[in-house]
Q: 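One structure, pasted below without further comment.
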Amino acid sequence: MDKIAILTSGGDAPGMNAVIRAVVRTAIYYGIEVYGIKNGYEGLIDGEVEQLIESSVADIIQRGGTVLGTSRSERFITHEGFNQAIDVLKKYGINKVIVGGGDGSLRGAKKLSESGIDVVGIPLSIDNDLGFTDYSIGFFTAITTVTNAISNIRDTTESHGRANVVEVMGRDCGDIALYSGIAGGAENIIVPEKKYEISEIAKKAIVGKNRGKRHHIIIMAEGAGNSYEFAEKFEELTGIDTKVTILGYIQRGGSPSVVDRILGSTMGNVAVEHILKNTGGYVMSIREGSVKTYPIGDALKMENKFDEKLSEILKIISI
Ligand code: F6P
């Protein structure tokens, strides 16, 4: 008899709870026992496993974070930690595991699948840095939070006639900066995927100022450099009073958007249906509006592409 477990791992993302709820309820629908593993791979190693029932996941779809808890586990990549995790799964008779998380977590899922456990990975990360899916769950909520913050920052920036460098998350990926930059009407974005000339950005700000513009918003992806150093140089070149806002963890929390709830519910449901019919390791993906699966090894080799067209649009409409 199959037994399924679910764990969430890495940085939490809004929509994790929608996934957990869908996985638990779908498994129960098919008459399968379902277990929740607390605190990601750390909890798996330590045997923090608990059977979940219908009501275990009641009233969670609207909540940010993850009710299972999460972690970044150094121990799981050690031989000893990994074997301990496998022993825990054996002890509970769990043969199928659903892992929700970003790149590092899905690499852990691949390792699990190579040891004979049936695994499905679900892309859950605010960063949207996974090449095998057009969007990761959590991204749309995060860019909405960032866009709302930009609107607030714009009010005060405009009132004072200043510039503001808004630093956003995303590791080596510029998608949070790009999408929220478009939605928030930013003048410039600085992302790890593209080279920039500070003199060009400064020139644009001076032209805008001479035309009567009273704000200049620059969205800087965390992986693209040091926001304070950039702001200092920008102020020197333009003479515009320049502030820095580092949005930090506010971007990761909050009630998931409708899109993230629907993506989470759909992927959670399809992941269980898939894992009951198939063996081997897979990931869920959304491509051109449809939910798809890819073998996990192939998926993790797919390169993440920066949207050059959207970046060009931002440049044209932000003069
Ligand atoms: O991967 C999600 C993310 O929020 C990144 O954007 C950020 O760089 C990182 O996690 C922060 O991780 P931690 O919670 O470990 O500080």
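Just follow the structure's listing: the first ligand is 1, and inside any ligand the first atom is 1.
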Q: Between Lys3 and Ile32 (side chain of the first, backbone of the second, donor and acceptor by atom type, cut-off under 3.5 Å), is there such a pair?
A: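 Answer holds: no.
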Q: Taking the side chain as everything from C-beta on, heavy atoms only, tell me whether Leu112 gets closer than 4.5 Å to Phe76.
A: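 In short, these two side chains touch, coming nearer than 4.5 Å.
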Q: Inspect the contact between Asp103 and Arg107 and indicate whether a charged nitrogen and a carboxylate oxygen are less than 4.0 angstrom apart.
A: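 A salt bridge links Arg107 with Asp103.
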Q: What protein heavy atom lies closest to atom 16 (O) of ligand 1? Include the residue and the distance to one decimal.
A: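 Its nearest protein heavy-atom neighbour is Tyr249 OH, 2.4 Å.
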Q: Both conditions, 6.0 Å and 45 degrees, for the charged tip of Lys111 above the ring of Phe82: are they met here?
A: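 Pair Lys111/Phe82 counts as cation-pi.
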Q: Any nitrogen or oxygen of Gly170 lying under 3.5 Å from a nitrogen or oxygen in ligand 1? Just yes or no.
A: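 Among all N and O atoms of Gly170, at least one is under 3.5 Å from an N or O of ligand 1.
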Q: Report yes if some N/O of Asp127 lies less than 3.5 Å from some N/O of ligand 1; otherwise report no.
A: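 Yes; the residue has a nitrogen or oxygen that sits under 3.5 Å from a nitrogen or oxygen of the ligand.
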Q: Should the proximity of Gln251 to ligand 1, defined as any heavy atom under 4.0 Å, be assigned to the side chain, the backbone, both, or neither?
A: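 Gln251 to ligand 1: no contact under 4.0 Å from either part.
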Q: Can a donor-acceptor pair be found, under 3.5 Å and without considering hydrogens, that links the side chain of Ser311 to the backbone of Asp307?
A: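 Checking the backbone N and O of Asp307 against the side chain of Ser311, no donor-acceptor pair under 3.5 Å is found.
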Q: How close does the nearest protein non-hydrogen atom get to atom 11 (C) of ligand 1, and which residue and atom is it?
A: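 Its nearest protein heavy-atom neighbour is Arg252 NH1, 3.5 Å.
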Q: Which heavy atom of the protein is the closest neighbour of atom 15 (O) of ligand 1, given with residue, atom name and distance?
A: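 Nearest neighbour among protein heavy atoms for atom 15 (O) of ligand 1, to 0.1 Å: Arg72 NE, 2.7 Å.
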Q: Among protein heavy atoms, which lies nearest atom 7 (C) of ligand 1, and at what distance?
A: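 That would be Glu222 OE2, 3.4 Å.
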Q: Salt bridge check: are Arg75 and Glu80 linked by an N-O gap of less than 4.0 Å?
A: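 Salt bridge between Arg75 and Glu80, a charged N being under 4.0 Å from a carboxylate O: no.
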Q: Which of the atoms of ligand 1 are close to Arg171, meaning less than 4.0 Å from one of its heavy atoms?
A: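 It comes down to these atoms of ligand 1: 1 (O), 6 (O), 8 (O), 9 (C), 10 (O).
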Q: Donor-acceptor check, side chain of Ser136 to backbone of Asn128, threshold 3.5 angstrom: yes or no?
A: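 Confirmed, Ser136 side chain pairs with Asn128 backbone.
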Q: Against ligand 1, does Gly102 come closer than 4.0 Å with any heavy atom?
A: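 Under 4.0 Å: no for Gly102.
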